[in-house]
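Given the structure is predicted, the values throughout are model-derived calculations rather than measurements. Values below: every heavy atom of this structure, side chains too, minus hydrogens, waters and symmetry copies.
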Amino acid sequence: QVQLVESGGGLVQAGGSLRLSCAASGHTFSTYAMGWFRQAPGKEREFVATISRTGSITYYKDSVKGRFTISRDNAKNTVSLQMNSLRPEDTAVYYCVASRYGTTQSMITQNDYWGQGTQVTVKS
């Protein structure tokens, strides 16, 4: 069983920054591609960013490119999402995801494990 626990969400003013972290346990972390999704009120869950097993490949939703950075530390079993220049439209519950055999792009539509989510609210 894989457990993913997110942290770092909160309330921030537009233009501000937040750093989300996801602690993974119950599996060999380096064998999983990881990523972040989000779900805003009344909207479907959407892909935000993914990262390959070694961290050498990353993939981003167009609207977050240049503002968000995904990274991982395989020694600490963590994946992070640095979010800068936040906008009100970034308000959502953010979920950490893991995929055993997926790629940074296939994870857009399919993942094996999900965390419980952390709320990010950006005030205008």
Side-chain angles (χ1 to χ4, degrees):
Q1 186 71 19
V2 175
Q3 292 85 39
L4 303 173
V5 179
E6 302 95 338
S7 61
L11 175 64
V12 65
Q13 291 289 114
S17 299
L18 280 175
R19 185 177 180 86
L20 305 183
S21 293
C22 173
S25 61
H27 65 296
T28 304
F29 182 72
S30 62
T31 65
Y32 282 73
M34 301 296 294
W36 291 91
F37 276 61
R38 67 187 181 188
Q39 186 168 21
K43 295 187 177 181
E44 292 189 356
R45 200 172 289 185
E46 63 178 8
F47 145 81
V48 176
T50 54
I51 189 166
S52 63
R53 290 160 185 78
T54 63
S56 61
I57 301 171
T58 57
Y59 191 58
Y60 294 93
K61 176 181 175 63
D62 283 346
S63 64
V64 307
K65 285 180 181 176
R67 300 189 298 123
F68 291 11
T69 302
I70 187 171
S71 61
R72 66 188 295 161
D73 186 334
N74 285 347
K76 296 182 178 179
N77 287 7
T78 58
V79 59
S80 299
L81 186 67
Q82 177 66 43
M83 305 185 294
N84 300 326
S85 302
L86 282 162
R87 305 167 180 170
E89 55 263 38
D90 295 318
T91 295
V93 177
Y94 283 70
Y95 297 90
C96 178
V97 299
S99 176
R100 178 64 180 86
Y101 298 108
T103 67
T104 52
Q105 295 194 37
S106 72
M107 289 179 70
I108 294 173
T109 56
Q110 186 172 1
N111 291 283
D112 298 320
Y113 299 99
W114 293 74
Q116 292 299 305
T118 186
Q119 177 70 47
V120 171
T121 303
V122 184
K123 292 186 65 176
S124 58

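Here the CD atom belonging to Gln39 is positioned 10.5 Å from the CD atom belonging to Gln119, to the nearest 0.5 angstrom. Rounding to the nearest 0.5 Å places OG1 of Thr58 at 9.5 Å from NZ of Lys65. Note that CD of Gln105 and CZ of Phe47 are 8.0 Å apart. Values are rounded to the nearest 0.5 Å. Expressed to the nearest 0.5 Å, how far OG1 of Thr28 lies from CG of Asn74 amounts to 10.5 Å. Note that CD of Gln110 and OG1 of Thr103 are 10.5 Å apart. Values are rounded to the nearest 0.5 Å. Here the OH atom belonging to Tyr95 is positioned 12.0 Å from the CD atom belonging to Glu46, to the nearest 0.5 angstrom.
The shortest side-chain heavy-atom distance between Trp36 and Phe68 does not fall under the 4.5 Å cut-off. Residues Cys22 and Leu4 have side chains in contact (heavy-atom distance under 4.5 Å, counting atoms from C-beta outward). Looking at heavy atoms from C-beta onward, Arg45 lies in side-chain contact with Trp114 at the 4.5 angstrom threshold. The shortest side-chain heavy-atom distance between Ser71 and Gln82 does not fall under the 4.5 Å cut-off. Contact of the Leu18 side chain with the Val120 side chain is registered, since non-hydrogen atoms from C-beta on lie closer than 4.5 Å.
Ion pair Arg87/Asp90 not flagged as a salt bridge, since none of the NZ, NE, NH1 or NH2 atoms sits closer than 4.0 Å to an Asp/Glu carboxylate oxygen.
Cluster membership for Tyr94 and Ile70, using ILVMFWY side-chain heavy atoms within less than 4.5 angstrom, is shared. Both Leu20 and Tyr32 belong to a common hydrophobic cluster when Ile, Leu, Val, Met, Phe, Trp and Tyr are linked at side-chain heavy-atom distances under 4.5 angstrom. Linking Ile, Leu, Val, Met, Phe, Trp and Tyr residues whenever their side-chain heavy atoms come within less than 4.5 Å leaves Tyr60 and Val97 in two separate clusters. Under the 4.5 Å side-chain contact rule for hydrophobic residues, Phe37 and Leu81 do not share a cluster. Placement of Val64 and Val93 in two distinct hydrophobic clusters is found when ILVMFWY residues are connected by side-chain heavy-atom separations under 4.5 Å, directly or transitively.
Defined by atom type and a distance below 3.5 Å, a donor-acceptor pair is present between the side-chain atoms of Asn84 and Ser17.
When atom types are taken as modelled, the side chain of Glu6 and the backbone of Gln116 share a donor-acceptor pair closer than 3.5 angstrom. Without hydrogens or angle criteria, Arg67 side chain to Met83 main chain gives no donor-acceptor distance under 3.5 Å. Between the side chain of Thr121 and the main chain of Leu11, no donor-acceptor pair closer than 3.5 Å is present.
For Ile108 against Tyr59, the heavy-atom pair with the smallest separation is CD1-CE2, 3.1 Å. What you find for Ser21 and Ser80 is that their closest heavy atoms are OG-OG, 3.7 Å. Across Ser30 and Arg72, no two heavy atoms sit closer than the pair CA-NH2, 4.0 Å. Considering every non-hydrogen atom in both Asn111 and Ser99, the closest pair reads OD1-CB, 3.9 Å. Nearest heavy-atom pair across Phe29 and Asp73 is CE2-O, 3.9 Å. Of all heavy-atom pairs between Arg38 and Ser63, the closest is NH2-OG, 3.8 Å.
Atom CD of Gln13 is surrounded by more than 12 heavy atoms from other residues, nucleotides or ligands within 6.0 Å.
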